[in-house]
Amino acid sequence: MPFSSLEGLRPRPGQPIVILTGAGISKESGLDTFRDADGIWSKVRIEDVATYEAFVRNPKRVHAFYNERRRGLLSPNIQPNAAHRALARLEREWEGGVTVVTQNIDDLHERAGTKALIHMHGELLKVECEHCRAVHEWREDLSRDVRCPDCSRAAGLRPHVVWFGEMPMEMERISALLSEAGLFVSIGTSGNVYPAAGFVSEARAHGTPSVELNLEPSEGASLFTHAINGPATQIVPAFVDDLLGR
């Protein structure tokens, strides 16, 4: 059903839209998801590569994991897809303002042209220093021997990503945006990773309509006002066209 035919869901002119994206939006660009049957966590244990304890215990293994993913993201074959481009177009053309909150650590939203973007789980192409807290753009392999460009100390650089057990970034800002939104949209998420999985409940608490765009219903699909299922590269551009009245 086209979005334009869903009464009561279209934001009023000037109302902001908040969009949450997950790994499903980047899958059609060639990046692996995490929680699918053949996803990343089916091949490697979270406890071995995605916790601070793992980094302390075996930094070489953790760096190797993220080095491989960084090289994969930088492959010429990995490019933004039609869903990423559609959201960038929505941001340019929706007068009320659009903020994309992404769980993804890739840079495909930026490459597609999205400006108002919050990386709540960090960014793969950045590193941070545990000694001086500086954050730097980073496209090379990383190891404990590499020195921080700011403080020149070694053994302090880590991927600028949020590991399990760490607090996602900019949560207060996200909550404020949800309280003001005229529409909340979730795209390509599993619906079982908190706190992002709780955003739809926050939207509901404020009386904000919500739409899930997913390949298949997420674990929290019943919480949304409406759900549309299908490949992101098909349903997201169509959704944006309807929202913009095309």
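- The closest donor-acceptor contact from the side chain of N58 to the backbone of R61 lies under 3.5 Å.
- With hydrogens and angles disregarded, no donor-acceptor distance shorter than 3.5 Å links the side chain of R144 to the backbone of P59.
- The two residues I25 and H84 have their closest heavy-atom pair at O-CE1, 3.4 Å.
- Contact annotation: the side chain of L142 approaches that of V127 to within less than 4.5 Å [non-hydrogen atoms, C-beta and beyond].
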Can you give me every donor-acceptor pair (side chain of residues 177-187, partner residue at least two apart or in another chain, under 3.5 Å) with its distance?
{"unit_1": "S179", "atom_1": "OG", "unit_2": "A176", "atom_2": "O", "d": "2.6"}
{"unit_1": "S186", "atom_1": "OG", "unit_2": "T189", "atom_2": "OG1", "d": "3.0"}

Exercise. Do M169 and V162 pass the side-chain contact (heavy atoms from CB on, under 4.5 Å) test, and can you show the C-alpha distance, the side-chain angles, and the key distance before you say yes or no?
Worked result: CA-CA 8 Å; M169 300 176 184; V162 175; 4.0 Å; yes

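- Side chain of H131 to backbone of L157: no donor-acceptor contact under 3.5 angstrom is found.
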For this session: Please report the C-alpha distance between E123 and H160 in whole Å, then the side-chain angles of each, then the deciding distance to 0.1 Å, and finally whether the side chain to side chain donor-acceptor pair (under 3.5 Å) criterion is met.
Result: CA-CA 6 Å; E123 300 176 64; H160 185 59; 4.9 Å; no

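- Between R57 and D48 there is a side-chain heavy-atom pair separated by less than 4.5 Å.
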Exercise. For E128 and W138, what are the C-alpha separation, side-chain angles and deciding distance, and is it a side-chain contact (heavy atoms from CB on, under 4.5 Å)?
Worked result: CA-CA 10 Å; E128 62 182 89; W138 202 269; over 6 Å; no

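- Cluster membership for V49 and Y52, using ILVMFWY side-chain heavy atoms within less than 4.5 angstrom, is shared.
- Residues satisfying the side-chain contact (heavy atoms from CB on, under 4.5 Å) criterion with Q15, sequence neighbours excluded, are P11, R12.
- Identified under the salt bridge (charged side-chain N to carboxylate O under 4.0 Å, His left out) test for residues 147-160, with sequence neighbours left out: R158-E166.
- Expressed to the nearest 0.5 Å, how far NZ of K60 lies from CG of D145 amounts to 10.0 Å.
- Using a 4.5 Å cut-off on side-chain heavy atoms (C-beta onward), L117 and T102 make contact.
- To the nearest 0.5 Å, the span separating CG on L223 from OG on S201 amounts to 5.0 Å.
- M171 and P195 get closest at one heavy-atom pair: CE-CG, 3.5 Å.
- A donor-acceptor contact closer than 3.5 angstrom links the side chains of T21 and H109.
- At distances below 3.5 Å, at least one donor-acceptor pair connects side-chain atoms of R10 with backbone N or O atoms of D242.
- Judged by distance alone, the side chain of Q79 and the main-chain N or O of P76 form a donor-acceptor pair under 3.5 Å.
- With a 4.5 Å cut-off on side-chain heavy atoms, I174 and F199 count as touching.
- Using modelled atom types, one finds no donor on one side chain facing an acceptor on the other under 3.5 Å when comparing H121 with Q103.
- N104 places no side-chain N or O within 3.5 Å of a backbone atom of D106 that could act as its donor or acceptor partner.
- Contact check for L244 versus L90: side-chain heavy atoms found under the 4.5 Å cut-off.
- At a cut-off of 3.5 Å, with distance as the only test, no side-chain donor of T233 or N81 sits close to an acceptor on the other residue.
- H119 and E110 are linked by a side-chain donor-acceptor pair at a separation below 3.5 angstrom, with hydrogens and angles left out of the test.
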For this session: Please test D141 against R71 for salt bridge (Lys or Arg N to Asp or Glu O under 4.0 Å), starting from the C-alpha separation and ending with a verdict.
Result: CA-CA 8 Å; D141 282 358; R71 290 193 296 267; 2.7 Å; yes

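- Side chain of E212 to main chain of S218: a donor-acceptor pair is present (N/O by atom type, distance under 3.5 Å, no hydrogens or angles).
- Note on L31: it clusters hydrophobically with F65, by side-chain heavy-atom contacts below 4.5 Å among ILVMFWY residues.
- Neither V100 nor L20 shares a network with the other; the hydrophobic side chains, linked directly or stepwise wherever heavy atoms of I, L, V, M, F, W or Y lie under 4.5 Å apart, form separate groups for each.
- With hydrogens and angles left out, the side-chain atoms of N229 and E216 include no donor and acceptor closer than 3.5 Å.
- Taking CD1 of I105 as the start and CG of L73 as the end, the distance is 8.5 Å to the nearest 0.5 Å.
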For this session: Give the intermediate values and the outcome of side-chain contact (heavy atoms from CB on, under 4.5 Å) for residues V211 and T225.
Result: CA-CA 6 Å; V211 178; T225 313; 5.8 Å; no

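- In this structure, the separation between NE2 on H226 and CG on L213 is 8.5 Å, given to the nearest 0.5 Å.
- The hydrophobic clustering, which links ILVMFWY residues whose side-chain heavy atoms are closer than 4.5 Å, places V161 and V56 together.
- Smallest separation of non-hydrogen atoms from P80 and R111: CG-CB, 3.6 Å.
- Residues L243 and W94 share a closest heavy-atom pair of O-CZ3, 3.8 Å.
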For this session: Please test L124 against Y66 for side-chain contact (heavy atoms from CB on, under 4.5 Å), starting from the C-alpha separation and ending with a verdict.
Result: CA-CA 8 Å; L124 183 59; Y66 285 97; 3.9 Å; yes

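- A 4.5 Å side-chain heavy-atom check between P13 and E95 finds every atom pair outside the cut-off.
- Cluster annotation: V101 is connected to F224 through the hydrophobic network of ILVMFWY side chains, with a link wherever side-chain heavy atoms come within less than 4.5 Å.
- When every heavy atom of A232 is checked against every heavy atom of A83, the shortest pair comes out as O-CB, 3.6 Å.
- The shortest heavy-atom contact between C151 and C148 is N-SG, 3.5 Å.
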For this session: Apply the test salt bridge (Lys or Arg N to Asp or Glu O under 4.0 Å) to residues K115 and E91: give CA-CA distance (whole Å), side-chain angles for both, the deciding distance (0.1 Å), then the verdict.
Result: CA-CA 8 Å; K115 305 296 183 185; E91 180 190 78; over 6 Å; no

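- Here the side chain of T51 pairs a donor or acceptor atom with the backbone of A54 at under 3.5 angstrom.
- The shortest distance between side-chain heavy atoms of L87 and V98 does not fall below 4.5 Å.
- Checked by atom type and distance alone, the side chain of W163 never pairs as donor or acceptor with a backbone atom of G165 at under 3.5 Å.
- Looking at L125 and H136, their side chains never come closer than 4.5 Å, going by heavy atoms from C-beta outward.
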